Amino acid sequence: MKNFNSLLILLVVVTMSCEAQIPNKEEQIAGAVMAAPEEKRAEATVMGFDEDGKLVVIRKGTNELICLADDPSQEGFNASCYHKDLEPFMARGRALKEEGKERQEIFDIREKEVKEGKLKMPENPSTLHVLSGAEGKYDAASGKVINANLRYVVYIPFATPESTGLPIRPLVPGGPWIMDPGTHRAHIMITPPAEN
């Protein structure tokens with residue numbers, strides 16, 4: 001009986017510590033919107049994690065940005081905000097990942113679906129803002145994300161170096177370049193030199 005009680009106490013402690021890993025909605029929102037331009041933060045839609053760890057809308061916004069809160073089950077910090085026209089692409093990627101698909105499989109499936117007209121990509125260049133860091137975290141006391149840096153991704157489906165004049169690698173630290181040229185996922189990468 002003593003072992004059973006000890007096991008029960010351990011189970012309760014482990015369950016409580018798992019629940020404690022998911023920050024409250026206010027902290028998730030505050031951390032997520034730090035990836036957005038300051039003037040866009042207050043009106044952005046925010047997706048975060050419920051008590052079961054499921055990604056859900058935790059704040060409905062009124063502007064064009066959708067922000068994803070940091071996943072508490074992953075190491076470091078990674079929040080992003082993107083133009084709402086990218087949501088079908090992003091949602092499809094999340095669904096495929098949930099199905100257990102690997103990175104290349106996800107790429108190949110979305111490429112095929114875009115070419116077949118089943119998956120809609122934005123008609124205009126659309127930006128993703130990413131705030132991340134292997135040692136990053138949201139500091140509730142200061143209301144800031146520490147040990148993380150911003151990078152910018154501008155999706156231009158099927159763009160190439162020839163159609164944009166961009167190189168296929170940065171020519172200077174933080175310089176723009178095109179990644180995945182000629183595909184549905186073609187995008188301009190801009191990674192400013194790290195501050196942290």
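As the structure is a prediction and not an experimental result, all values here were calculated from the model.
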- Message: My understanding is that only residues two or more places apart in sequence, or in another chain, count here; which of them pass salt bridge (Lys or Arg N to Asp or Glu O under 4.0 Å) with Glu64?
- Response: Lys40

- Aromatic rings His187 and Tyr155: how do their planes relate, parallel, tilted or perpendicular, breaks at 30° and 60°? tilted

- Query: For Glu116, which residues count as a salt bridge (Lys or Arg N to Asp or Glu O under 4.0 Å) partner, sequence neighbours excluded?
  - Reply: Lys112, Lys118

- Got a sec: does the CD of Glu102 have more than 12 other heavy atoms crowding it under 6.0 Å? no

- State which residues pass ring pair (Phe, Tyr, Trp, His ring centres under 6.0 Å) with Phe158; sequence neighbours excluded, sorted by chain then number. none

- Message: For His184 and Phe89: C-alpha separation, side-chain torsions, deciding distance, then whether ring pair (Phe, Tyr, Trp, His ring centres under 6.0 Å) applies.
- Response: CA-CA 10 Å; His184 75 287; Phe89 169 75; 5.8 Å; yes

- Message: Between Glu123 and Lys120, does any NZ, NE, NH1 or NH2 come within less than 4.0 Å of an OD or OE carboxylate oxygen?
- Response: yes

- Task: Please say whether more than 12 non-hydrogen atoms of neighbouring residues, nucleotides or ligands are located less than 6.0 Å from CD in Glu105.
- Result: yes

- Message: Quick check against the 3.5 Å criterion: does Asp180 have a side-chain atom that pairs as donor or acceptor with the backbone of Thr183?
- Response: no

- Task: Report the C-alpha distance between Tyr82 and Leu65 in whole Å, list the side-chain angles of each, state the deciding distance to 0.1 Å, and finish with yes or no for side-chain contact (heavy atoms from CB on, under 4.5 Å).
- Result: CA-CA 5 Å; Tyr82 54 84; Leu65 287 186; 5.8 Å; no

- Is the closest basic N to carboxylate O distance between Arg185 and Glu111 below 4.0 Å? no

- Query: Can any side-chain N or O of Asp139 pair as donor or acceptor with the backbone N or O of Lys144 at less than 3.5 Å?
  - Reply: no

- Query: Is the side chain of Arg41 donor-acceptor paired with the backbone N or O of Val33 at a distance under 3.5 Å, no angle test?
  - Reply: yes

- Query: Hey, is Arg94 close enough to Glu87 for a salt bridge, meaning N to O under 4.0 Å?
  - Reply: yes

- From Met189 atom CE to Ile168 atom CD1, the distance as rounded to the nearest 0.5 Å: 14.0 Å

- Task: Give a yes or no on whether the backbone of Ile66 and the side-chain of Thr45 come within a donor-acceptor separation of less than 3.5 Å.
- Result: no

